[in-house]
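The basis for the numbers below is simple: all heavy atoms, side chains too, and nothing from hydrogens, waters or symmetry mates. We count residues from 1, following the sequence as given.
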Amino acid sequence: MRLGRSSRAAIIGLALALGITACSGDTPTTSVPTSTAAADGGLEKTEIKVVGLPAIDTAALYVAIDQKLFEKEGLKVTPQIVQSSPEAIPMLLNGEIDAMFGNYVSMFQAHDQGALKLRILAEGSRAAPDSLSVMALPDSPIRSAKDLEGKTINVNVLHNFQELALTQVLKANNVDPKKIKYVQVTFQNIMPAWQKGQIDAAYLGEPLVTAATSQMGARKILDPASGPAAEFPISGYVSTQDWYEKNPKTAAAFQRALHNAAKMMEGNRELVVDVLPNFTQIDKATAATVTFPYFSSSDNPVRLQRVADWMVEAGWLGKDIDVASLMSPTTSG
């Protein structure tokens, strides 16, 4: 069964993020107070460069630009897109950019290995119910979570957030995670690999969940964003600790604008739909039919600590990380 043109384009446009998605409400737009930062001045830098990913999760950055929220804070933000978080780390370390958007697993690994002295400027996206799905084809013998034991499942990158969250959900459903075989499959190759039997079940995010359901008759077996992984933090905006120490007021202004963008997006789905074509290959028609991530309007170290703790449990970190010590003070939300 073939995917339509818009679905194929969306697959390519979701590199790295696996379409972390959740529903937004349709309540009136939240008003955003004007900051005094621009009037008072005092920002260490008024122009910064920020790297994002071509995925739904980065929408808050573009909404903040589109709605002039950075401008209200006295900031000019120039965005740049890369295909994966690791690409941006050397740029951050070399001072080519001021901040970047990336998944926490990659960021914590770099911090643990000493490659990046990390500062979390603001949380970005969190997984939500039905935003991710482990799915089986209509004629598959897989009918329950327990049936996944001994089966092969795709991930975009081995030992990253997909596997980390799913491991906890599998255990909660009495499934032995050690009996799952993960294989690395790029987004554009998931559907062909699935149809050819190279994977037994597909680990999908939007817009692939919608496409697989409507065009292939696929069935959801398990929600990787449920139970212990509910609202699992996926990605956020980070800088180096050195940059933060030199630019604390700029960092606070950047955080406020992102938080305020998230507040607006909670009440107005169209804000997200309008900006997605600007930095992804998801067109407006497709954007209107899929679910969106939870965009964080405040930061929560307890919530984020789960990621580091599960990474230690999995043996992916050499030592414990105190996430609160890496986070910037919340100045809004």
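Within the structure, ring-ring contact (aromatic ring centres under 6.0 Å, His included) pairs that include any residue of residues 128-160 comprise His159-Trp316 (at least two apart or interchain).
For the side-chain hydrogen bond (donor to acceptor under 3.5 Å, both in side chains) with Lys45, the qualifying choice from Thr250, Asn247, Asp98 is Asp98, the only one to do so.
Side-chain contact between Ile282 and Pro277 is absent, with no heavy atoms from C-beta onward closer than 4.5 Å.
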(request) Carefully, step by step, assess Gln241 and Glu245 under the rule side-chain hydrogen bond (donor to acceptor under 3.5 Å, both in side chains). (result) CA-CA 6 Å; Gln241 178 65 24; Glu245 290 174 353; 3.0 Å; yes
(request) Output, in order, the C-alpha distance, side-chain angles, deciding distance and verdict of side chain to side chain contact (heavy atoms under 4.5 Å, CB included) for Leu276 and Lys284. (result) CA-CA 7 Å; Leu276 285 184; Lys284 290 189 69 171; over 6 Å; no
(request) Assess whether ring-ring contact (aromatic ring centres under 6.0 Å, His included) is satisfied between Phe232 and Trp310, documenting all intermediate values. (result) CA-CA 11 Å; Phe232 182 69; Trp310 288 352; 5.4 Å; yes
(message) Checking Arg126 against Ser296 for the side-chain hydrogen bond (donor to acceptor under 3.5 Å, both in side chains) test, could you report, in this order, the C-alpha distance in whole Å, the side-chain angles of both residues, the deciding distance, and whether it holds?
(response) CA-CA 7 Å; Arg126 311 189 311 276; Ser296 297; 2.9 Å; yes
(request) Step by step, work out the side-chain hydrogen bond (donor to acceptor under 3.5 Å, both in side chains) result for Asp200 and Ser140. (result) CA-CA 8 Å; Asp200 299 306; Ser140 170; over 6 Å; no
(request) Report the C-alpha separation of Arg303 and Glu123 in whole Å, then their side-chain angles, then the decisive distance to 0.1 Å, and conclude whether the salt bridge (Lys or Arg N to Asp or Glu O under 4.0 Å) test is met. (result) CA-CA 10 Å; Arg303 179 171 62 208; Glu123 287 193 55; 3.1 Å; yes
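In this pair, Phe254 and Phe70 present their aromatic rings parallel. The plane angle is below 30°, not in the 30 to 60° band.
For Arg256 and Glu73, the salt-bridge test passes: some basic side-chain N is under 4.0 Å from an acidic carboxylate O. At a threshold of 4.0 Å, the pair Glu149-Lys146 counts as salt-bridged, since one of the basic side-chain nitrogens sits closer than that to a carboxylate oxygen. Contact check on Asp242 versus Lys246 returns a salt bridge, with a Lys/Arg side-chain nitrogen under 4.0 Å from an Asp/Glu carboxylate oxygen.
Residues forming a side chain to side chain contact (heavy atoms under 4.5 Å, CB included) with Pro177 (at least two apart in sequence, or on another chain): Thr167, Leu170, Lys171. Not counting sequence neighbours, Lys49 has no partner by the side chain to side chain donor-acceptor pair (under 3.5 Å) test.
The main-chain N or O of Leu164 is never found under 3.5 Å from a side-chain atom of Gln168 such that the two would form a donor-acceptor pair. Under the 3.5 Å distance criterion, the side-chain polar atoms of Ser125 are left unmatched by any main-chain donor or acceptor of Pro293. The main-chain N or O of Val175 is never found under 3.5 Å from a side-chain atom of Asn173 such that the two would form a donor-acceptor pair. The backbone N or O of Arg143 lies less than 3.5 Å from a partner atom in the side chain of Asp147, making a donor-acceptor pair.
Put simply, Ile180 and Leu158 are part of the same group of oily side chains (I, L, V, M, F, W, Y) that touch within less than 4.5 Å, one to the next.
A distance of 11.5 Å separates CG in Asp112 from CG in Leu118, rounded to the nearest 0.5 Å.
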